[in-house]
Structures are given as C-alpha cells and as structure tokens.
Amino acid sequence: MTTPYEIQTFAVIGAGNMGSGIAQKIATEGYPVTLIDLTEEQVQRGRGIIQTMLQEGVQRKIFRPEQAEAILSRIHATSDWNELANVDCVIEAVFEDLGVKKSVFKRLGKITKPECILGTNTSSFYVKDVAAATKNPERVVGLHFFFHPAKNRLVEVIGHEKVSPDAIQAVWSAQESIGKTPITSADAPGFVVNRYFVPWLNEAVRLLDEGVADIATIDWAAKKAFDIGMGPFELMNVTGVPIAMHAANTLGRELHSFYAPADGLVRQVEDVKENWNLSGTPNEENYDAVSRRLYGVTFYVAGQLVEEGVSTVEDVEIGARVGLRWAKGPFQLLNETGITEGIQMAKETMALYGINLPQKLLGAPGAGIPITLVSTMARGDLKGVWINRPDAMNALNPEVTKQWKDAFIQAKNKNPKGIVLGGSGKAFIAGADIKFFVDHLRANTYPEIESFTKDGQDLFRSLSEGSTPVVARAHGLALGGGAEFALACDWIVASPKASFGFPETGIGIYPGLGGTQRLPRRIGLPLAKYLVYTGQILSAKKALAINLIDAVALFSELDHACSTWAAKGSAPEQMMPEQCPSEEWEVIWNFFANYSVDEILSGSAETGDDPRLQKSVKMMGHKSLHALQMAERLFDEGADLSLKEALALELRDLKTIFAHPDALEGLTSLLEGRRPSFQTQVTA
Ligand SMILES: NC(=O)c1ccc[n+]([C@@H]2O[C@H](COP(=O)([O-])OP(=O)(O)OC[C@H]3O[C@@H](n4cnc5c(N)ncnc54)[C@H](O)[C@@H]3O)[C@@H](O)[C@H]2O)c1
C-alpha cells in the first residue's frame, strides 16, 4: 500500500520567531526549506534571525563555521509564493489570527500540489477550522511546535475529523526525519502540554493574588516540587507574560472559568505592562501551601486530558519531559506523591473552582496509574511494538524489557503478517541503561545485572522464534544493546539517518546481548571484530554495504519498506559469511582475520600505510584491554558453536567482565561525560 504523500521538501510560511526557528531546524537536519513571508523585508528579517542563531551556535561550538554556512545555504528565503508549487510539506506559522490563517490556507490550497501536506502551528484555534479554509481538508494537519523550535524537540501532531490517516502518517515520519519527537493530540483547546502548563502558571498567579505566598516563595516551591530549573514567574518573564494571559483566555473561553486568567495576570499585562519582579527571599514555611495547589491543578488537568481522550498517559508524560523539560511528568509525580495523597491535593484545589475530579483519577489503582514505556501500535496492515522513552533515547532497562515481553506477546496474539519494532524520538535504541549497571555495581548487587542480561537474551531470542516475521525499524541511533536488539530481528530496515555501533569495549565491557555472536553470523567474524574492537559507528549506508542491515529507505517510505520486508517471511538461519562483502572492505577484513588483539596492540600487526587500519589501532588503544580480550575469546569460542550455545558464553563470562575494575570505571566515565582511565589500557 503506497501513500500519496511523500515528504522530501519543506516550506515554512511566516518568518517570525517560530517560523524562522522551524526552518532552521529543517535545514539543520539536512533538508532544503523555503521560507516565505509577506514582503522581502520580513523574509530577510527572518533569515537574519536564523543567521544570528547559527552564529551563536558557532561561538558555543555546537556547529563548525562551515556547518553553519551549509545550514544557511539550504534555506531559500523568498516572498514569491509561486515557489511553493512543488513543495511536499508546508508549515504555516503566521500571526495567531484565524482570519489571517484562513486566507493563507485558502491561498496555499490553490498554489500547492494536491499531495502537499499543509501543517498549521496554531496554538489556540481548532485545526478543523483552519482546514475548512481549503478544498482539501484531508491534507491539513496541526503541527504544534514549542519555543525555541530549533532546540525544543517536541511537536504535537493534531488530526481532525476530515484528515487522511495517510497524511498523519506521512507528517509523523517527516517530523522524525527532522529530529522531532512527535506526540498525538486530539483537536482540543491547548492540545496536550499547554492544557496543563498554562493552568500551572495561572495557579501560581492566583496563589500570589490570594496572598498565600510571594513570588520568590512560589517560584522556589515550584522548582523544588517539580524538580525544574525555573519557577512559573521566571518562566513567564522569559516566554512573555502576555502569551500566558492569551493562552489562559483561550482555554477559559473554550473550557471553564477555572482556566481563565487570574486577575493578577490580567493586571500585570494590561496595567503594569512589565515582567514580574522576582526579588525576595523564599519563605520555606509556605512550601506545602504552594506545592499542594500546583500539584493539585497539574494532577487534575492531566487526568482530565486522558479522560476526554485528548491524549494518553504516555504522551502527557513525554510532553512534560521533552517539551517542558520537567524531570518527571504529571502522572509520575502523582504516583510518587502517592495516589491517595495526590488525589486529595487535586480534590482540595479543584473544589475551589467547583470542579469534580475525573474517573481517571478517582478510579486510579492504589499502586499508581500505569505508565507504559513499551506499547503496541497499529499502522496500515502491520502491527508494531514501540518504546516510548524518547528523552532516555529509548535505553533498555529491566522495566522496559519486562514491558517489551508483554507487548510483544500481545502483538503476536493478533496474528499479524509481521511485527515492526520501533522507538519514539530521535534514537531507535541508544543502548542499555548505563545508570542501572553503575547503581548495581556500586551496591554490590551483581545478580540484578545478570538477571537483566538473561531476560534480555531470552527476549531477543523470542523475537526470531515462531513464524511471525519481525522487522527492526531503525530510524535513528542504534548503539550497543540497541544494535543487538536489531540484530535479533528477522530484518533490519533503516532510515538514511540511522547509525549502528558497538561501543562497549570503550566502557570496559563487551556486548552481552548477542553482539559477539549474532553480529559475526551476519557480517563475518573479521568485520564483527573490527566493529566491536574499535567501536566504529557506521552510517546506514555503510551498514548496508557490509550486510549488517537489509535495507535503507527514506523516512517517507520507511513504514512501507518494513511491510515489504515482513512480507518476505521469517529470515533464514544466518550462516557465518566466509567472504568479504566487497573490495572496499578487504583491507579491514584481512587485518582482523589475521591478527589477534594482542598482536594488534603490541604493534606486531602490519598496518602498512593504510589510514583506516592505523585509525583502527589507535581507536583500540583507548579501549579496556581486558574487555577487548574477553570479546575476542567469545568471538573465537562461539564461532564453531550453534547460536544457542554461543549466546550462553556471553552469560557465562558476564560476572568476570563486570567484576573487573575497568567495567565500573568505563560505565561511570560515560555517566560523568569524561574519558575513562582503564587499568588495562594500552594508550594512557
Ligand atoms: N511564540 C511561541 O512560543 C509559539 C509557540 C507555539 C506556536 N506558536 C504559534 O506560531 C505562530 C507564529 O507565532 P510567532 O511567535 O512566530 O509570531 P511572529 O509574530 O513572530 O511571526 C509571525 C510572522 O508571520 C508573518 N505573517 C503574517 N501574516 C502573514 C501572511 N498572511 N503571510 C505570510 N506571512 C505572514 C509576519 O510577517 C511574521 O513574520 C502563531 O500561530 C503562534 O500561535 C507560537
């Protein structure tokens, strides 16, 4: 089944704060983008905003000067709307005025091709109302970005009654392709995040109005209670006090007077016309009075959102963590407060506004509202299982593994033609949760590490058992345990932005979830050794060249490509390749086929003048020698065994690798963001 919508090129209408940032992000991710405004002057102003941002990025060493140049060169700024004729996706970010937006969409409906997706970044109007301005509402989608859109990854994807599922699917993949983390929202006031964030700001002003506490105390208490860097008043000063008032006005008009702006907020915008004065010393005695009210509104609105079907528990959480950068989402905060206590806070607070709590809260299980990290999903004729930890790069830990098992069984029970495994956000799976290992090594609770690894191995083995083909949809980073996860699937289909690598020996351990056994069976022993010893990360293109993966597909075709591979059925058993895949890889193949770790690191292996070999030796010099030697033993011993027997070796040696001081040093160094200093390292 193909889609009429394939998004490779973008345009943004409105070169203001949001539009320029959205265009900057698209260009940063490597796509051409046309930036349009009403006049040449406004267009150039928008381009200037981007240029300044990029220069700041260069100063802060986020980009090299030539990268900033390349990004800017992908942005075509113009006031000529005819240039939109062949664009695949247009994102509107003009003034928040329904009349203006409607006239823009009417014009877009005429100029753009019928397969062009039209997205609106409206914050306060219904998407269906904007869509009604065109003759093709089925291709109009809400795309609500967050300030600053070049930095904040969250985007809310909003459908409406007339939207085509193909358009939603295409726009979703397109957002992934530009490094965004999409969540779904119904076409409802405030969508997901602003629906609870704006009342949270508003309640802070009410606490001030009522004399419960002063600004310094409220900001201090909010930071402490929500584990965040800025309190509500400081945040309003940064993002604009009038914006908070306008947002509250919209919610109040559409929903209930509880959401309407506090008197003090209106006064601040209309009379004082200044930012809030943040000075003062917090009065810590008022912590409870403030935090209970702020928790109360947050818990209520989050519960209400889910009750109304605007969002899911998981998306509410992702919205808070990714969009607002809260350490914890509303439901996690509620669970940690304790359901009885948290509901009491919500009850007390909402009683002030004559509002009863939704059943989602009143009927919540005593143990807490379940927050699924892994869930089943359905797209077209394929069923999928998805990890939803975008802010943790979908890292694997015992809870994820457990939920995976359950979701996978659920998906399989529906007898699908195939199961696609994916992850939300920028990464596919960035590896195993390093903190989990460090915590257990420090606490001397090694059995937890062993049982996690064993469960992981069992889960991975179950993927290829049975007759349902399993496809890894590797759209982004697949490192360590993530790459091993993909290897355990029948087929691996990657986006051009995916990358694959096995960095374990650089943090004092070896890949223990099949990396030393499935990898050589896919790409041959010498190349498997090369990847594990050096930690070299491969682009999707290179991974395909050595048969590490089965296909590379553009984001717009990724789902379809996964279906096509699933239709091939289960993969045949992998026989360890004996031949180098191509001439280009021969030098590396021969080197790692002929020399042992000790020979390479002692300098007795012949690198000649080959820069790739010299680089490989240098990279190995920074690894833990102990980890390299153990990986080598596993490779060599496992090569002649059945896969099942070979995988058992990884478990057999697990205690030895984790008991070595290089493991704790390597894992800790990664958490602390520094280079490790191994006891067994050739290059100090
Ligand atoms: N600022 C935020 O934090 C934020 C967050 C999410 C969504 N939004 C939404 O994004 C949209 C844009 O907001 P902004 O803050 O960037 O506004 P802005 O005022 O900075 O920019 C708006 C731009 O649109 C241009 N414009 C106006 N009418 C136009 C037309 N008919 N055709 C082409 N261009 C036109 C203006 O010249 C201006 O450059 C609004 O819908 C807003 O609600 C804003």
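Every number for a ligand or one of its atoms is a count from 1 in the order of the listing.
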Student: In Å, rounded to the nearest 0.5 Å, how long is the span from OG1 of Thr298 to CZ of Phe331?
Tutor: 11.0 Å
Student: Determine whether the side chain, the backbone, both or neither of Ile13 has a heavy atom under 4.0 Å from any heavy atom of ligand 1.
Tutor: side chain
Student: Where's the contact between Ser123 and ligand 1, heavy-atom distance under 4.0 Å: side chain, backbone, both or neither?
Tutor: both
Student: Would a 4.5 Å heavy-atom cut-off, applied to side chains only, mark Tyr295 and Thr349 as touching?
Tutor: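 No, every pair of side-chain atoms sits at 4.5 Å or beyond.
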Student: Are Glu92 and Lys101 close enough for a salt bridge, meaning some N to O gap below 4.0 Å?
Tutor: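 Judged by the 4.0 Å cut-off on N to carboxylate O distance, Glu92 and Lys101 do form a salt bridge.
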Student: Can you tell if the side chain of Thr112 reaches within under 4.5 Å of the side chain of Val87, non-hydrogen atoms only?
Tutor: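 The answer is no; the side chains never approach within 4.5 Å.
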Student: Of the options Arg321, Arg325, Arg153, which is the one that meets Asp391 in a salt bridge (charged side-chain N to carboxylate O under 4.0 Å, His left out)?
Tutor: Arg321
Student: Below 4.0 angstrom from a heavy atom of Phe147, which ligand 1 atoms are there? Numbered from 1 as shown, please.
Tutor: 3 (O)
Student: Could you find the nearest protein heavy atom to atom 17 (O) of ligand 1 and give me its residue, atom name and distance?
Tutor: Asn17 N, 4.6 Å
Student: Please list, in number order, the atoms of ligand 1 under 4.0 Å from a heavy atom of Ala15.
Tutor: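 With Ala15 as reference, the close atoms of ligand 1 come out as 39 (O).
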Student: What's the shortest distance from atom 9 (C) of ligand 1 to any protein heavy atom, and which residue and atom give it?
Tutor: Asn121 O, 3.2 Å
Student: Would one find more than 12 heavy atoms of other residues, nucleotides or ligands at under 6.0 Å from atom CE of Met393?
Tutor: no
Student: Please state which protein non-hydrogen atom is closest to atom 21 (O) of ligand 1 and give its distance, to 0.1 Å?
Tutor: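 Checked against all protein heavy atoms, atom 21 (O) of ligand 1 sits closest to Gly16 CA, 3.2 Å.
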Student: Counting from 1, what ligand 1 atoms have a heavy atom of His144 closer than 4.0 Å?
Tutor: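 Close to His144: 6 (C), 7 (C).
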Student: Using a 3.5 Å distance criterion without hydrogens, assess whether the side chain of Gln268 forms a donor-acceptor pair with backbone atoms of Asn275.
Tutor: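 At least one qualifying donor-acceptor pair exists.
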Student: Check whether more than 12 heavy atoms from other residues, nucleotides or ligands sit under 6.0 Å from atom CG of Asn86, and answer yes or no.
Tutor: no
Student: Among protein heavy atoms, which sits nearest to atom 2 (C) of ligand 1, and what does the distance come to when rounded to 0.1 Å?
Tutor: Met18 SD, 3.6 Å
Student: What protein heavy atom sits nearest atom 11 (C) of ligand 1, and how far off is it?
Tutor: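 Ranking protein heavy atoms by distance from atom 11 (C) of ligand 1, first comes Val94 O, 3.3 Å.
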Student: Okay, side chain of Lys497, backbone of Glu29: is any donor-acceptor separation there less than 3.5 Å?
Tutor: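 Yes; at least one donor-acceptor contact below 3.5 Å.
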Student: Please determine if Arg195 and Glu156 form a salt bridge, counting it only when a charged side-chain N lies under 4.0 Å from a carboxylate O.
Tutor: no
Student: Ligand 1 and Lys101, any nitrogen or oxygen pair closer than 3.5 angstrom?
Tutor: yes
Student: At under 4.0 Å between heavy atoms, which part of Trp81 makes contact with ligand 1: side chain, backbone, both or neither?
Tutor: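 Under 4.0 Å from ligand 1, Trp81 contributes side-chain atoms alone.
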Student: Do me a favour and list the nearest non-hydrogen protein atom to atom 39 (O) of ligand 1 with residue, atom name and distance?
Tutor: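 For atom 39 (O) of ligand 1, the nearest protein heavy atom comes out as Asp37 OD2, 2.7 Å.
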Student: How close does the nearest protein non-hydrogen atom get to atom 6 (C) of ligand 1, and which residue and atom is it?
Tutor: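 It is Phe145 O, 3.1 Å.
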Student: When you measure from atom 31 (N) of ligand 1 to every protein heavy atom, which one gives the shortest distance, and what is it?
Tutor: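 Checking every protein heavy atom, the shortest distance to atom 31 (N) of ligand 1 gives Val104 CG2, 3.5 Å.
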Student: Given that the side chain starts at C-beta and the backbone is N, CA, C, O, which of these parts of Val100 lies under 4.0 Å from ligand 1, counting heavy atoms, or is it both or neither?
Tutor: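 Near ligand 1, Val100 shows its side chain, while the N, CA, C and O stay back.
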